[in-house]
Structures are given as C-alpha cells and as structure tokens.
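Protein chains get the first letters and strands the later ones, always in sequence-line order, with residue 1 at the start of each.
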Protein chains: 2
Amino acid sequence: MVELICSPSFTLLLITIALKMNFNNLSDMIPLDLASEVLSLLETHHLPKKHLLHREGRICRHIYLIQKGVARTFFYKEGKDITVHIAAEGELITAIDSVISLKRSRYNVELLEDSEVHALSYQALHSLLEKHPHYEKYMRLILEQLYAEGADRIEEFLFYSAKERYDNLMNNKPGLLNRVNLGHIASYLGITQETLSRIRKSP
Amino acid sequence: MVELICSPSFTLLLITIALKMNFNNLSDMIPLDLASEVLSLLETHHLPKKHLLHREGRICRHIYLIQKGVARTFFYKEGKDITVHIAAEGELITAIDSVISLKRSRYNVELLEDSEVHALSYQALHSLLEKHPHYEKYMRLILEQLYAEGADRIEEFLFYSAKERYDNLMNNKPGLLNRVNLGHIASYLGITQETLSRIRKSP
DNA sequence: TACATTCTTTGACATTTGTCAAAAGGCAGG
DNA sequence: CCTGCCTTTTGACAAATGTCAAAGAATGTA
C-alpha cells in the first residue's frame with residue numbers, strides 16, 4: 001500500500017505524476033527514489049485566496065503543485081484579464097512562458113481559494129536531474145504527456161464551437177463550475193462572459 | 001565550421017534541433033555524438049506530392065524531418081478536412097496523437113509538394129535513449145521548447161482575432177502562402193476559406 | 001492550345017459571438 | 001438584517017464569421 005509508506009504529499013506527488021502519464025500502476029512507472037527526492041525539494045505554503053503565486057514582469061522560477069484549492073494563470077489584454085490555465089487539486093501550475101526560457105513573464109498566477117500549495121524550484125529540479133541523469137526519462141515522459149494535452153486543447157479551438165468547448169469542459173472537469181467564476185471560465189474557453197451565460201441557458 | 005565535418009542531413013538535424021531550442025551556439029547545446037547517433041537512425045525517402053506519410057486509424061511509429069518540401073497534419077470533421085499542423089524544411093512532423101500514446105491516430109500526414117523526408121523510428125529513438133540515458137536531457141529540452149510553442153498557439157486563439165492570427169502567421173512564416181493552399185491555411189487558423197479570402201482583401 | 005480540374009474569390013444572407021448598458025442575484029462584513 | 005460589492009443574467013444592437021452557390025483564376029495534362 002502506497003499510503004502506508006508515504007506522507008500525504010508524497011502520495012499526492014506520485015499520483016499527480018501518474019495521472020499526467022495516464023498510467024494506472026504507479027509503482028511500474030515512477031521509481032520511489034525519484035518521488036522521494038522530488039518530495040524533498042518541495043516547500044509547502046498555506047496561502048489565501050487572491051494571493052499571487054507569480055506576478056507578471058518577473059521571471060518565474062517555480063512550479064506549483066496544488067494540494068488543496070484552485071489557481072489560474074491569466075494576463076491582461078487591453079484591460080481585460082484572460083485566463084489561460086486553471087489547475088485544481090493534484091495538478092501543476094506555473095508561468096509557462098517564463099519558467100523554461102527564464103524570460104520575464106506576461107502571466108500572473110493567482111489563487112482562487114484559500115489554498116495549500118507545494119512549490120518546486122525549477123533550478124533545484126534541474127540540479128537534481130543533473131545529479132541523477134537517469135531521472136530525465138521521467139521528465140521526458142511527463143513532458144510528452146503535457147505536450148499531447150496541449151495539442152488536444154489546440155484541436156478544441158480548431159473544430160469545436162463555443163458551446164461544444166463548454167460541454168467538453170463540463171464533462172472533463174465538472175465541479176470546476178462551482179469553484180471558478182464564470183468570467184474566468186469564459187475567457188479560458190476564448191469567449192465573453194455574456195456568451196457563456198447564453199450558452200448555459202440553451203438546451 | 002560545422003559544414004566541413006557533416007553531411008547535409010547531419011547539419012540539418014543539428015540546425016533543426018538548435019532552432020527548436022532557440023539557441024544560437026550549436027556546439028554548446030547538442031553534443032556531436034548524439035547528433036551522429038540520431039543521424040544513423042534516419043531513413044531518407046523521396047516521395048511525391050499527396051503521398052501520405054501517415055494514414056488515420058493506424059498507429060504512428062515515426063517522426064518525420066522535412067529536408068525538402070512541405071507537409072501538413074490534418075483530419076476530417078464532418079466531411080471537411082482540417083489542418084492542425086504545417087511543417088516545411090528543417091521542421092518536424094508526425095501524428096502527435098499516436099506516436100507518444102501508441103493509440104490509433106485520427107490524423108493523416110500528407111506531403112504538399114514532392115519532398116525529401118527523413119524518417120526517425122520512435123522505437124529506435126527510445127532504444128537509443130535506453131542505451132544512452134545521458135541523451136534524455138536533450139530530448140527534454142526539445143520537448144520543453146515544443147510545449148512552450150504549443151502554449152503560444154493556444155494563446156493565439158485566446159486573444160487574437162482571425163485577422164491578427166493571419167498577420168502573425170504571415171510575419172512568422174512568410175513564404176508559406178505561396179506553397180500551401182489557402183484552404184489549408186484557413187483551417188489551420190480555425191476559420192473558413194471564404195473568411196480568409198476576405199481577410200486578405202481588407203487593409 | 002484547349003480542356004478539365006482544382007483553387008480562390010465574390011455575393012447574398014444566416015448564424016454566432018461581441019459590446020455596452022442595466023438589472024437581478026448572491027455573499028460577506030458590519 | 002441590512003448594505004455594499006462582486007458575480008451573473010438579460011436586452012438591444014453591432015460586428016465577425018459561417019454557409020451556400022456561383023463565377024473567376026490558376027494549373028496540369030492531353
């Protein structure tokens with residue numbers, strides 16, 4: 001039993017990585033020593049709603065794992081804020097335009113509820129990989145999975161109407177509706193709040 | 001001088017990888033032995049316009065590097081074909097929904113000109129990485145870059161109008177216009193051919 | 001060159017989505 | 001419980017994009 005030998009965070013990390021990879025059998029995929037090493041790098045924080053995990057204009061040096069709560073990545077376009085990513089329990093969030101390239105970010109990362117998050121320094125992760133190159137394989141597997149997910153989201157915009165995109169989101173992440181403002185969900189879907197409101201009414 | 005010690009394909013591969021990573025100094029980034037090993041895995045083919053590098057319903061087991069020519073990934077939605085990716089010289093193309101997961105693909109990969117392509121077996125690449133785990137790092141760097149590119153394309157749909165997306169494409173890949181049917185470009189931008197035609201007229 | 005085929009543009013109109021303004025609803029703090 | 005703030009819905013209208021049909025342009029082939 002994984003639970004018996006792991007702290008809650010450790011278990012969560014294992015599960016998170018496993019989910020990202022769509023595998024059922026954890027122990028087959030992720031070696032315990034990797035999970036353990038990564039765990040030792042995490043810093044856990046309890047933070048209030050509206051706290052910014054990352055602020056635009058700065059270089060983002062962390063990846064955040066949501067233990068409890070919800071967060072979104074957004075930025076401003078002509079005064080309006082646009083949500084590009086939403087993450088809940090067990091998911092990862094960061095300023096993707098900065099953490100890899102180390103350029104200044106256009107994004108903000110904001111908590112939408114009082115939350116508990118684990119911060120993973122990207123630099124520390126790199127050092128870990130430097131020290132144990134055999135872990136690189138798992139990073140690659142996770143990135144392959146993330147890349148495929150990104151491709152799916154692009155597909156959504158190419159073939160699905162706003163209503164279909166909303167329906168898909170509801171099927172894939174029910175529950176999100178009750179926790180995230182419809183305005184944020186609308187911009188995440190690439191539409192206005194008014195249009196989303198009307199879509200929700202229609203049969 | 002890289003050219004002096006490399007075959008054209010070898011040079012191309014180096015440059016391709018380097019471009020994907022947005023780095024200027026090739027030798028700093030990609031070790032020659034890796035490039036050389038990958039080169040040994042490539043199978044070069046000369047193929048005619050309209051040839052399908054990959055057909056939907058099958059499992060895709062290769063990544064293709066375009067040496068000369070243009071290719072697109074597309075699939076059918078309600079009878080119409082929709083282009084999801086376009087690659088020209090020095091770029092990579094594959095059925096991304098299949099090559100990682102080994103599921104049956106919804107995509108076709110089609111040549112738009114008589115082309116010369118290098119096929120890289122994903123299995124062979126995995127074996128290579130298995131044998132030389134220290135290469136994993138470079139795979140990860142490439143994937144990180146690809147992931148960030150995907151995030152940029154999602155952003156395009158979130159904040160830019162059809163006209164702005166067209167203008168961006170023209171700025172980033174001029175030349176594509178003369179080689180790819182406007183119908184394919186339209187679906188790649190997520191609009192109809194008629195709308196693209198009108199956008200091109202407008203000031 | 002002439003023909004057939006494919007690609008691109010145009011027109012008329014329908015549908016979807018956006019914009020602006022205001023009203024209605026929900027929730028937290030006093 | 002009231003008040004004020006934030007969220008969500010609604011209405012009227014504008015703008016963007018899609019659909020269908022047809023004409024025009026370009027291209028390849030006999």
If you define the side chain from C-beta out and look only at heavy atoms, does anything of B:I93 sit under 4.5 Å from B:I86?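 No, their side chains stay 4.5 Å or more apart.
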Side-chain N,O (B:K201) to OP1/OP2 (C:dT9) below 4.0 Å: no
Salt bridge flag under 4.0 Å for residues A:K103 and A:E56: no
Considering only NZ, NE, NH1 and NH2 on the basic side and carboxylate oxygens on the acidic side, decide whether B:D167 and B:R200 come within less than 4.0 Å. no
Of the options A:R72, A:K50, A:R55, which is the one that meets A:E110 in a side-chain hydrogen bond (donor to acceptor under 3.5 Å, both in side chains)?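 Answer after filtering A:R72, A:K50, A:R55: A:R72.
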Identified side-chain hydrogen bond (donor to acceptor under 3.5 Å, both in side chains) counterpart of A:T44 within the set A:E116, A:Q67, A:H118: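 One option only clears the test, and that one is A:H118.
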Take the C1' atoms of the five end pairs on each side of the helix from C:dT1-D:dA30 to C:dG30-D:dC1, derive the two axes, and give their angle rounded to 10 degrees. 40°
Qualifying ring pair (Phe, Tyr, Trp, His ring centres under 6.0 Å) pairs with a residue from residues 163-191 of chain A, counting only residues at least two apart or across chains: none
Under the criterion salt bridge (charged side-chain N to carboxylate O under 4.0 Å, His left out), I'd like the reasoning laid out for B:E91 against B:K173: C-alpha separation, chi angles, the key distance, then a yes or no. CA-CA 12 Å; B:E91 297 182 312; B:K173 308 212 181 177; 3.1 Å; yes
Mind checking side-chain contact (heavy atoms from CB on, under 4.5 Å) for [X] and listing every partner two or more places apart, or none if nothing turns up?
X      : answer
B:R165 : B:E156, B:F157, B:Y160, B:A162, B:L189, B:I191
B:T94  : B:C60, B:I63, B:V99
B:D114 : B:P48, B:K49
A:A124 : A:L41, A:S121

What pairs of nitrogen or oxygen atoms, one from the protein and one from nucleotides 22-30 of chain C, lie under 3.5 Å apart?
none

Residue pair A:R61, A:L102: steps toward the side chain to side chain contact (heavy atoms under 4.5 Å, CB included) verdict: CA-CA 8 Å; A:R61 302 181 189 280; A:L102 293 181; 4.1 Å; yes
Could you tell me the boundaries of the chain A footprint on DNA chain D, defined by atoms under 4.0 Å from its heavy atoms?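 The footprint of chain A covers D:dT7 to D:dA12.
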Does atom NZ of B:K137 have more than 12 heavy-atom neighbours from other groups under 6.0 Å away?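 At most 12 heavy atoms, drawn from other residues, nucleotides or ligands, come within 6.0 Å of this atom.
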For residues 174-183 of chain A, which residues have at least one heavy atom under 4.0 Å from DNA chain D? A:N181, A:L182, A:G183
Could you give the CD1-to-P distance, from B:I185 to C:dC7, as a whole number of Å? 13 Å
Table of protein N/O atoms under 3.5 Å from nucleotides 14-19 of chain C N/O atoms:
unit_1 : atom_1 : unit_2 : atom_2 : d
C:dT17 : OP1    : A:A162 : N      : 3.4
C:dG18 : OP2    : A:T192 : N      : 3.1
C:dG18 : OP2    : A:T192 : OG1    : 3.2
C:dG18 : OP2    : A:T195 : OG1    : 2.6
C:dT19 : O4     : A:R198 : NH1    : 3.4

Tell me, please, which residues at least two apart from A:R179 pass salt bridge (charged side-chain N to carboxylate O under 4.0 Å, His left out).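 So A:R179 forms a salt bridge (charged side-chain N to carboxylate O under 4.0 Å, His left out) with A:E89, A:E113.
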Pairing residues for A:E130 by the salt bridge (charged side-chain N to carboxylate O under 4.0 Å, His left out) criterion, not counting sequence neighbours: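 Residues passing salt bridge (charged side-chain N to carboxylate O under 4.0 Å, His left out) with A:E130: none at all.
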